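Beneath this line is the structure, given in structure tokens, with notes to follow.
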Amino acid sequence: TKKELEKKNYEVHAPQITKVWEAPYSAWKKVIDEIGVDENTTLVGLSAGGAAVTRYISEGKMKIKKLVLTAPARYSEGDGDPSPTSDEFYDFEIGDSVKKQIKNGVTIFYDTADPVVKSVHIQMYKEQLNAKVVLVEDYGHFSFLIPTFPPLLEEILANHDE
């Protein structure tokens with residue numbers, strides 16, 4: 001998706017978080033701060049990244065163009081969660097004003113066979129952000145082993161010039 005967007009002359013950042021499964025929110029926030037988010041930004045978050053970008057705009061009260069969440073995690077699942085910082089990481093509220101901060105809305109991609117993200121997480125994001133949910137098959141938890149995800153590219157480009 002990054003390569004395809006760059007071919008179309010979009011500026012794309014795909015930051016890597018060290019030990020993503022252990023990183024506290026402060027590490028995510030630092031990386032997102034360095035990118036420079038504004039009203040022309042489309043944020044895409046995968047798994048814990050979905051919680052990180054949602055928390056970022058919630059707490060920063062900034063306006064963005066679009067938010068796309070792919071298999072977004074929301075709460076830890078207790079002892080089975082590999083992230084020791086999960087309680088701190090997911091400790092935020094999505095206020096009613098957040099959906100007004102996102103000009104072109106929120107889209108969630110979710111595979112019901114995802115072994116990590118539960119449908120209750122998706123329902124929470126859907127309700128709190130008035131999000132459109134797109135169910136897809138055969139993507140699981142959307143690992144980096146998936147070479148392309150055309151629906152994501154299409155969603156990022158949809159209404160981009162508005």
Side-chain angles (χ1 to χ4, degrees), residues 1-2 4-5 8 10-15 17 20 23-77 81 83 85-114 116-137 139-142 149-162:
T1 303
K2 181 181 187 298
E4 290 301 315
L5 288 167
K8 297 178 182 300
Y10 286 92
E11 181 180 338
V12 180
H13 299 273
I17 307 294
V20 68
Y25 173 70
S26 59
W28 289 80
K29 183 181 181 314
K30 180 180 179 206
V31 169
I32 299 169
D33 280 342
E34 291 171 0
I35 292 170
V37 174
D38 64 25
E39 67 277 355
N40 295 311
T41 300
T42 294
L43 287 173
V44 178
L46 167 64
S47 191
V53 295
T54 302
R55 180 174 177 176
Y56 187 83
I57 62 171
S58 296
E59 292 181 354
K61 299 189 182 353
M62 74 237 345
K63 293 185 179 197
I64 63 170
K65 184 166 287 234
K66 187 174 201 120
L67 178 62
V68 181
L69 305 176
T70 304
R74 183 63 178 102
Y75 293 108
S76 67
E77 295 298 324
D81 192 316
S83 175
T85 59
S86 59
D87 290 338
E88 175 273 334
F89 189 89
Y90 296 110
D91 186 22
F92 71 99
E93 296 296 322
I94 301 173
D96 290 336
S97 64
V98 174
K99 53 188 152 200
K100 295 175 188 160
Q101 295 168 225
I102 307 165
K103 180 180 178 183
N104 292 340
V106 180
T107 300
I108 299 170
F109 289 103
Y110 174 60
D111 183 339
T112 57
D114 187 328
V116 178
V117 176
K118 309 296 183 228
S119 62
V120 67
H121 300 148
I122 302 305
Q123 192 62 32
M124 287 164 48
Y125 278 113
K126 179 182 179 184
E127 290 173 7
Q128 293 173 331
L129 296 171
N130 194 30
K132 171 178 80 173
V133 176
V134 178
L135 296 176
V136 294
E137 294 181 351
Y139 286 98
H141 193 58
F142 300 84
F149 183 40
L152 175 60
L153 179 62
E154 292 169 19
E155 189 61 35
I156 291 169
L157 295 174
N159 304 327
H160 194 271
D161 295 325
E162 289 184 6

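The model shown is predicted, which means the values in this text are computed figures rather than measured ones.
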Provide the closest heavy-atom pair for [X] versus [Y] in the form atom of the first, atom of the second, distance.
| X | Y | answer |
| --- | --- | --- |
| Ala71 | Val117 | O-CG2, 3.1 Å |
| Pro72 | Ile122 | CD-CD1, 3.6 Å |
| Leu67 | Ile102 | N-CG2, 3.7 Å |
| Lys66 | Ala158 | NZ-O, 3.7 Å |
| Gly140 | Asp111 | N-OD2, 2.7 Å |
| Ala73 | His121 | CA-ND1, 4.4 Å |

Taking atom [atom1] of [X] and atom [atom2] of [Y], what is their separation to the nearest 0.5 Å?
| X | Y | atom1 | atom2 | value |
| --- | --- | --- | --- | --- |
| Ser97 | Lys100 | OG | NZ | 7.0 Å |
| Asn40 | Ile64 | CG | CD1 | 11.0 Å |
| Leu152 | Glu4 | CG | CD | 11.5 Å |
| Glu137 | Thr112 | CD | OG1 | 6.5 Å |
| Thr107 | Glu154 | OG1 | CD | 12.0 Å |
| Ile35 | Ile32 | CD1 | CD1 | 6.5 Å |

I'd like to know if the side chain of Gln101 and the backbone of Ile57 have a donor-acceptor N/O pair within less than 3.5 Å.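 The answer is yes, because a donor-acceptor pair under 3.5 Å joins these two groups.
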
Side chain of Arg74, backbone of Tyr90: donor and acceptor closer than 3.5 Å?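 Here the side-chain-to-backbone pair exists.
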
Once side-chain hydrogen bond (donor to acceptor under 3.5 Å, both in side chains) is applied, do any residues pair with Asp96, and if so which ones, sequence neighbours excluded?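 Per chain and number, Asp96 pairs via side-chain hydrogen bond (donor to acceptor under 3.5 Å, both in side chains) with no residue.
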
Please enumerate all residues that pass side-chain contact (heavy atoms from CB on, under 4.5 Å) together with Asn130, with sequence neighbours excluded.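 side-chain contact (heavy atoms from CB on, under 4.5 Å) check on Asn130 returns Lys99.
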
Qualifying residues under side-chain contact (heavy atoms from CB on, under 4.5 Å), relative to Lys8, sequence neighbours excluded: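 If we apply the side-chain contact (heavy atoms from CB on, under 4.5 Å) test to Lys8, skipping adjacent residues, the hits are Tyr10, Leu157.
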
Please tabulate, for the side chains in residues 46-55, all donor-acceptor contacts under 3.5 angstrom to protein atoms that are two or more places apart in sequence or on a different chain.
from, atom 1, to, atom 2, distance (Å)
Ser47, OG, His141, NE2, 2.8
Thr54, OG1, Gly50, O, 2.8
Arg55, NE, Glu59, OE2, 2.9
Arg55, NH1, Glu88, O, 3.0
Arg55, NH1, Phe89, O, 3.0

Using the salt bridge (charged side-chain N to carboxylate O under 4.0 Å, His left out) rule, collect all pairs that involve residues 125-135, keeping only residues at least two apart or in two chains.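 Passing the test, one end in residues 125-135: Lys132-Glu155.
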
Contact check, side chains of Tyr125 and Leu69, non-hydrogen atoms, under 4.5 Å: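 Yes; the side chains approach each other to less than 4.5 Å.
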
When you compare the side chain of Tyr110 with that of Ser119, does any pair of heavy atoms fall below 4.5 Å?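 In short, these two side chains touch, coming nearer than 4.5 Å.
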
Residues, nucleotides or ligands: over 12 heavy atoms within 6.0 Å of Glu11 CD: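 No, because the 6.0 Å sphere around CD of Glu11 holds 12 heavy atoms or fewer from other groups.
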
Phe142: ring pair (Phe, Tyr, Trp, His ring centres under 6.0 Å) partners, not counting sequence neighbours: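 For Phe142 the ring pair (Phe, Tyr, Trp, His ring centres under 6.0 Å) partners, ignoring immediate neighbours, are Tyr139, Phe149.
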
